[in-house]
Amino acid sequence: MLEERSTTYDFHAIESAWQERWERDRIYLTRDDDQRPKYYVLEMFPYPSGDLHVGHAKNYTFGDALARMMRMQGYNVLHPMGWDAFGLPAENAAIQRGVDPDSWTRSNIANMQRQIRLMGTGYDWTREFATCDPAYYKWNQWLFLRMYEKGLVYKREAPVNWCPVDQTVLANEQVEGGVCWRCGSPVERRNLSQWFLKITAYADRLLQDLDLLEGWPERIKVMQRNWIGRSEGVTFSFDVEGVADAKISVFTTRIDTLFGATYVAIAAEHPVVERLMQAAPKKRGVIEAFRDSLKSKSELERTSLMEKTGVFTGTYAINPLSHEKIPIWVTNYVLAEYGTGAVMAVPAHDERDFDFAKKHGLPIAQVIVPPGVQVDGPLTEAYVEDGRLIASGDYTGMSSTRARAALAQRLEAMGIGKTTVNYRFRDWLISRQRYWGTPIPIIYCPKDGEVPVPDDQLPVFLPANVPITGQGSPLANDPSFINTTCPKCGGPARRESDTMDTFFDSSWYYIRYIDPHNERAPWDPARVRPWMPVDQYIGGAEHAVLHLLYARFFYKFFIDMGWCTGPPEPFTRLFNQGTLLYNGEKMSKSRGNVIGIDDTVERHGVDAMRLFLLAAAPAEDALPWTEEGISGRVRFLARVWRASEPFFARAKSVPLDRLPQVDGEAQRAIVRAVHVALKSGADETNTRRFHFNTTTARLDELVNLLTAATRDSRYWDDPAVLYAIHALPILLAPFAPHMADELWSRLGYATSVHLERWIEPDAAALAVAEITLVVQVNGKVRARIQAEPGIDEDRAFSLALAEKNVKDFVGEKSVRMRVYVQDKLLNLVV
RNA sequence: GGGCGCGUGGCGGAAUUGGUAGACGCGCUGGAUUUAGGUUCCAGUGGGGCAACCCAUCAGAGUUCGAGUCUCUGCGUGCCCACCA
C-alpha cells in the first residue's frame, strides 16, 4: 500500500534553525569539571584569508565528524577554533588597496567564522581568539622574554634569506627550492643582524622523540628527520703550508677516506679566504672575481643546475697523517653555512668531489675497495660505499668502520680533531621587517645596549594607523613607535622595529585554547595539565617541517620550564588531510578553480556537502569534487526523510538501549544493518582509523532496507523498523548533524541528538542465522554452501562433497589435505 | 640523483589480521510510475562464453592449501629533499 508523502526535506529551513538552536543551547561548550575521559581534537587553525571553499570544508567536516564521534563515544571533547591572524596577506592588501590590516583581518575573520558555522561544526566558540589580539600577542612577547632569559633567543649578524618582493628575511624552513614560500620569488642572501631562536639546542630531542610518535604518519617523521639532518663524523684541521696562523677546519663523515684527500675545498664566503689571499697575493684577483660572480647570483641559481666551479688559491694544506701537500680551492659547491664551510675533498669516494676533480684535472686517489675486490684500474665513478682501506699507511687493510674509529682516535690524540655531530638545520630566524606581526619586545639604549622590555610594560602594542607602503619596515618609519625610553636608565632609546615570524604565534596556540582568557599568564599549568597533549591533530602535510617542528620545539621548552607536564610531545596523533581536487588539480584560490561554500550550501545543503566529503574517500586521500557525487548525497538524505516521515506523526517511545523483539529474517536483517553501521562507526573511531567513508556506506545499506520496508504501511508498527528509524538519527549525528536532530525532534525527543551516546554494537544483533561457507578445490572457489554458524569441519566436508561442482572437480582424485577456516572457508587439496 | 608512498571496473573507492575481489556511491543500460521529468521506485552493470565454466587487482617471477594483501625484479605515477661533506 503506497502512501502519499506530505512534506519534503526543506534543508534551508532545517539547517539554519538547528544551527541557531545549538548556539542558543550552547551544546558544544566544553567544561573542565567533566568526569568523562578527555579528548582534545584540533584542526590547524586557519589564516583568515577571506572566503572558504569546499576544500576547506573537507578539513573542517572531517574534524567535526571525528569530534562528534568521540563525544558520542563518551569523551569530554575539546574542539576549539581560532585564527592565525598575523601575516603578510593583510599587509599586502594594505599596500595594494590602502586598507587597514587590522580591519581587513577582522572582516575576514567575521566572514570565515560565519562560513565555518554554516558548515554545522560543533566548536566551543567561547575559546576563540585571534593571534593579532593584544591579549594573545602579549604572551608571545612574554614567551620570547623567557626564552631570552634562558639564552634561547639571540641576535646575530649572519647570511640570511631575503625575499626582495616581500621585503623581509625568511627562515630556512620558509625557503622552498630556493624561492620564497609565500610569493615564489627567488630568495637572495644578505648579511644582516637578526633575531634567532636556538632550536638547534633541542636537535637531539626533536630527533629522538620522533620515535615516540606512533600515531604520526611515517612520511612526516622521515621529513623531520631529514630536515634535522643529524650526521656523525670528525672535525679536524689542516695546517696551511707557509701560513702558520691559518688552519682550515673541516667536517667529514668519512674520515676513513682521509688518505684519499687530494685537495681541500672551501666556500667562497669562508673567512679564511682573506688570509689565503694575503699569503698568495697573485691569486687575489681571480678569487675576488669568482666570489663576486657568485654574489650576483640568486640562491636558486647557485643551488640548482649549477656546474661545479672553483679557483685554486695558490696555497696548500698538509694532510695531517700522510703529510702530503694538497691544493686549496675556493669552490661554489661547498656551503658556507654547513659544517665548517670547508671540506677535505676525496674524489675517489665522493660524487661531487669526483666531478670537480675530473673537470679541473685534480688527482683521484682510490683508498677504499669493495670487500674482496682488488684494484682493477682507475675509477670511472666515485665509489661511495664502505669497504676495505688501501694505500692508507698504518690503516691499510682495515674496514671502513674500524678505520673511522681508529682515525678519529688518532686525530684526537694528536690534538687536531674530535668526533662531532653536525646538523643540517639551522637556528630559527624569527625577525621580520614587516608590520603585521608581534613586535619584538626589545629596546636599544645608547647607554645600556640591548634591554628587554619589562613584563609589566607588556604588551608592546602594535601601533594603529601606520603608513604601509611596501618600502622599508613600517615600524622603523614610525617615530612614535620607535622612540621610547630605556627601562633601565630612563634615557631616550629606540625600540626594535622587527616583528616576529607568525610561526611563533602558532607554536603554542593549542595550549591557549585550554585557558583562553587568562590575563595573568599565557596559561595556568594546573588548568592545562589535564588536557595536554592534543590527542588528535589534523592538518595538511605542508607543515611537516615548519609549524610541526617549531611547535614541538616550543613544547619541549615548556616542559623544561615546568609549565607543561606529562609526555614530551604536544600532538599524540597526527592526521594529514588529503587535498580536494577539481578538474584534476588541487582546489585553490591561486589556481582559480574554487567552488564556494556559500553557493554549495545554498544549492545542496550543508548535510549533503558534509556527507559527500566524508563518503567519497578516506579523509587522508585526495578527493575529486563532483557535482554528481553531491547530488547522490542529496538523494540519500531525501531517502532518509521519506523513510522516516511516516513515523513523525506516530511518535512513540522506542527504547534504544535494548534490542527489539523481532521474528522473521527480514526484521532481523534490519536490526542487523543498524548494528553493522553502529559497529563500523565504533570501529573506525576506536582504532583511530577514521575511515568514515565505510561507515556511510553501511548507512546507505541500512537506508536502502528501510526504504523498501517503509513503503508498505503494514510495517509502520513493526518493532524492527521502529527500532531502526529511531536509531537512524544517532547514526547520522556525526555526519549529517542537522538532519539527525530534525529527525530526532520529529520522532518526539525533546533534547538534541548530539547529547546522546552512540549505541553499543550488540553481538546478538550482529549474529547471523546462516553463514556462507566457501568451498575451494585447490584454492579455487567451486561452491558456496549455506550452513549454521559453528559448523564443524567434518560436517562441512561431507556437505561440500555433496555439492555437484565440488564432486566434479575432485573427480577420481583423493583429497590430500583439507584447510578449514571456521564459518568461512573449506579448501580441499587434491 | 636520493628518500618515502601508491598502482583494484568507465569514475571515487571497499576488501582492517593472507581466506567469497569489486561493498557503497557516481555514471551508464533497461523497465515501471508520472501530463512531464534533471522526480521516485525496480532490475542490470569487470571481461569472455549459448552454457558448464574460463580469465581478471600495472607486468613478470617467487612463497603458500590459498596472494589485491607477503618477497624479489621491471614499468608507471605521486610527494618530499635536492651539492648537507
Side-chain angles (χ1 to χ4, degrees), chain A residues 2 5 8 176-178 217-223 225-227 229-231 233 235 250-254 257 265 302-308 331-335 337-346 349-353 355-356 422-425 541-542 544-545 581 611-612 615-618 621-633 635-636 638-639 642 680 683-684 687 689 691 693-701 703-704 707-708 711 772-784 804-805 808-809 816-821 824-830:
Chain A
L2 295 171
R5 307 301 197 205
T8 55
E176 298 173 347
E218 198 52 43
R219 172 173 55 109
I220 301 292
K221 291 191 275 186
V222 167
M223 282 165 70
R225 269 185 210 110
N226 291 344
W227 185 262
R230 182 181 199 273
S231 52
T235 303
V250 300
F251 171 72
T252 179
T253 55
R254 291 298 304 275
T257 65
R302 277 193 65 169
T303 53
S304 64
L305 306 164
M306 191 128 152
E307 254 196 284
K308 292 178 182 57
T331 70
N332 67 339
Y333 77 95
V334 172
L335 306 171
E337 318 85 61
Y338 185 76
T340 62
V343 301
M344 67 170 203
V346 186
H349 304 294
D350 182 280
E351 283 170 23
R352 296 151 301 183
D353 299 342
D355 289 350
F356 190 85
N422 243 284
Y423 298 96
R424 184 185 168 282
F425 82 149
E542 66 273 18
V545 290
L581 306 174
L611 280 171
F612 171 70
D621 287 8
L623 165 67
W625 174 263
T626 66
E627 279 295 310
E628 292 82 4
I630 195 166
S631 302
R633 296 297 84 195
R635 285 199 288 273
F636 166 77
R639 277 202 299 280
R642 277 194 299 272
S680 170
D683 286 351
E684 290 302 337
T687 59
R689 195 174 81 137
H691 282 194
N693 55 321
T694 59
T695 305
T696 54
R698 302 290 84 82
L699 284 172
D700 271 291
E701 287 167 349
V703 171
N704 287 344
T707 296
R711 208 158 345 116
T772 304
L773 189 70
V774 172
V775 182
Q776 297 181 333
V777 179
N778 287 340
K780 297 232 180 231
V781 179
R782 296 305 177 188
R784 294 182 172 91
K804 179 185 177 299
N805 212 28
D808 289 350
F809 278 91
R816 253 192 15 223
M817 186 167 104
R818 359 193 265 215
V819 178
Y820 184 62
V821 182
K824 274 202 169 157
L825 173 137
L826 176 66
N827 188 12
L828 306 178
V829 185
V830 299

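Below, chain A is the first sequence line, B the second, and so on; all start at residue 1. For clarity, every value in this text was computed on a predicted model and none was experimentally measured.
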Holding to side chain to side chain contact (heavy atoms under 4.5 Å, CB included), I want the full list of residues that pass it with T253(A), two or more places apart in sequence or in another chain.
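With neighbours one apart ignored, the set is S231(A), F251(A).
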Restricting to nitrogen or oxygen on both sides, can you table the protein-nucleotides 37-42 of chain B pairs closer than 3.5 Å?
residue	atom	partner	partner atom	Å
U40(B)	O3'	R642(A)	NH2	3.2
C41(B)	OP1	R642(A)	NH2	3.4
C41(B)	O3'	R711(A)	NH2	3.4

Could you go through nucleotides 4-8 of chain B and list every protein N or O atom that sits under 3.5 Å from one of its N or O atoms, giving the distance for each pair?
none

Rounding to a whole Å, what distance do you find between [X]:[atom1] and [N]:[atom2]?
X       : N      : atom1 : atom2 : value
R818(A) : G66(B) : CZ    : C1'   : 17 Å
E628(A) : C28(B) : CD    : P     : 8 Å
F612(A) : C11(B) : CZ    : P     : 16 Å
L826(A) : U20(B) : CG    : C1'   : 14 Å
L581(A) : C11(B) : CG    : C1'   : 13 Å
L699(A) : G25(B) : CG    : P     : 12 Å
E701(A) : G22(B) : CD    : C1'   : 14 Å
I220(A) : C81(B) : CD1   : P     : 11 Å

Looking only at side-chain N and O atoms, does [X] come under 4.0 Å of OP1 or OP2 in [N]?
X       : N      : value
R633(A) : C26(B) : no
S231(A) : A85(B) : yes
N693(A) : A14(B) : yes

When rounded to the nearest Å, what value does the distance between [atom1] atoms of [N] and [M] take?
N      : M      : atom1 : value
G22(B) : G46(B) : P     : 10 Å
G30(B) : U35(B) : P     : 22 Å
G13(B) : C6(B)  : C1'   : 14 Å
C4(B)  : G66(B) : P     : 32 Å
C28(B) : G38(B) : C1'   : 16 Å
U57(B) : A21(B) : C1'   : 7 Å
C75(B) : U17(B) : P     : 30 Å
G78(B) : U64(B) : P     : 37 Å

What is the pairing partner of [N], taking Watson-Crick or G-U wobble pairs with both distances under 3.5 Å in any strand?
N      : value
G1(B)  : C81(B)
U20(B) : none
G25(B) : C11(B)
C6(B)  : G76(B)
G30(B) : C42(B)

Side chain of [X] (C-beta onward), nearest among [options]:
X       : options                : answer
K308(A) : C83(B), C24(B), C65(B) : C83(B)
F251(A) : U20(B), A23(B), A85(B) : A85(B)
T772(A) : A82(B), U20(B), G25(B) : U20(B)

Got a sec, which residues hit salt bridge (charged side-chain N to carboxylate O under 4.0 Å, His left out) with E542(A), two or more places apart in sequence or on another chain?
none
Applying a 4.0 Å non-hydrogen cut-off, can you work out what [X] is touching in the nucleic acid: base, sugar-phosphate, or nothing?
X       : value
G229(A) : nothing
M817(A) : base
A615(A) : nothing

Which glycosidic conformation, syn or anti, is assigned to G9(B) if syn requires a torsion within 90° of zero?
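Syn, since the glycosidic angle lies within 90° of 0.
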Between protein and nucleic acid, restricted to nucleotides 16-19 of chain B and to nitrogen or oxygen atoms under 3.5 Å apart, what atom pairs and distances do you find?
residue	atom	partner	partner atom	Å
G19(B)	N2	Q776(A)	OE1	3.3

Under-3.5 Å N/O pairs linking protein and nucleotides 48-53 of chain B:
residue	atom	partner	partner atom	Å
C53(B)	OP1	N805(A)	OD1	2.7
C53(B)	OP1	N805(A)	ND2	3.0

Under 4.0 Å between a Lys/Arg side-chain N and an Asp/Glu carboxylate O for R639(A) and D700(A)?
yes
Do R254(A) and A85(B) have a side chain to base donor-acceptor pair shorter than 3.5 Å?
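Result: no qualifying N/O pair found.
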